[in-house]
Amino acid sequence: RHRAINTQRRSTPALVELDEGVFSGDTSPLETAERRSQQQALRAAIEQLPPFHQEILLLIFYHQLSGPEVAEVLGITVGTVKSRLHRAKEMLRRVLQSMGETSNA
């Protein structure tokens, strides 16, 4: 028994990342769960888009690059970034609607 207790004391517990939003008092657990569900639906919808549309959306919204920065990264013109972004958002809106989700994209 004592060996088991000592072994348990020596082992370090696995670290788990905590979602700080859960403890922030400004959202309820239900709101947090709904937000996660919406995020999963958005990710699934983005994955249904063609790769060049996914790329534009990820660079602009997730990596928060500006139009000129995206143009430089992809080696395209700023005008092309704008038109691809517009088409990607429109296609994403349609995909989300077909999935039964509402979006302000």
Linked, directly or transitively: Met99 and Leu92 (ILVMFWY side chains, under 4.5 Å): yes
Interatomic distance, Ile56 atom CD1 to His86 atom NE2 [nearest 0.5 angstrom]: 13.5 Å
Any residue meeting side-chain contact (heavy atoms from CB on, under 4.5 Å) with Thr80, in chain and number order, not counting sequence neighbours: Ile76, Thr77, Arg84
Arg94 vs Glu90, salt bridge (charged side-chain N to carboxylate O under 4.0 Å, His left out): CA-CA, chis, key distance, verdict: CA-CA 6 Å; Arg94 281 190 250 129; Glu90 181 61 27; 3.7 Å; yes
Would you mind writing out the side-chain donor-acceptor pairs for residues 57-75 within the sub-3.5 Å range, not counting sequence neighbours?
| from | atom 1 | to | atom 2 | distance (Å) |
| --- | --- | --- | --- | --- |
| Ser66 | OG | Glu69 | N | 3.3 |
| Ser66 | OG | Glu69 | OE1 | 3.3 |
| Glu69 | OE1 | Ser66 | N | 2.7 |

For a quick test of your reading: what N or O donor-acceptor pairs under 3.5 Å do the side chains of residues 40-50 make, sequence neighbours left out?
none

Glu55: side-chain hydrogen bond (donor to acceptor under 3.5 Å, both in side chains) partners, not counting sequence neighbours: none
Contacts of type side-chain contact (heavy atoms from CB on, under 4.5 Å), residue Ser83, not counting sequence neighbours: Arg87
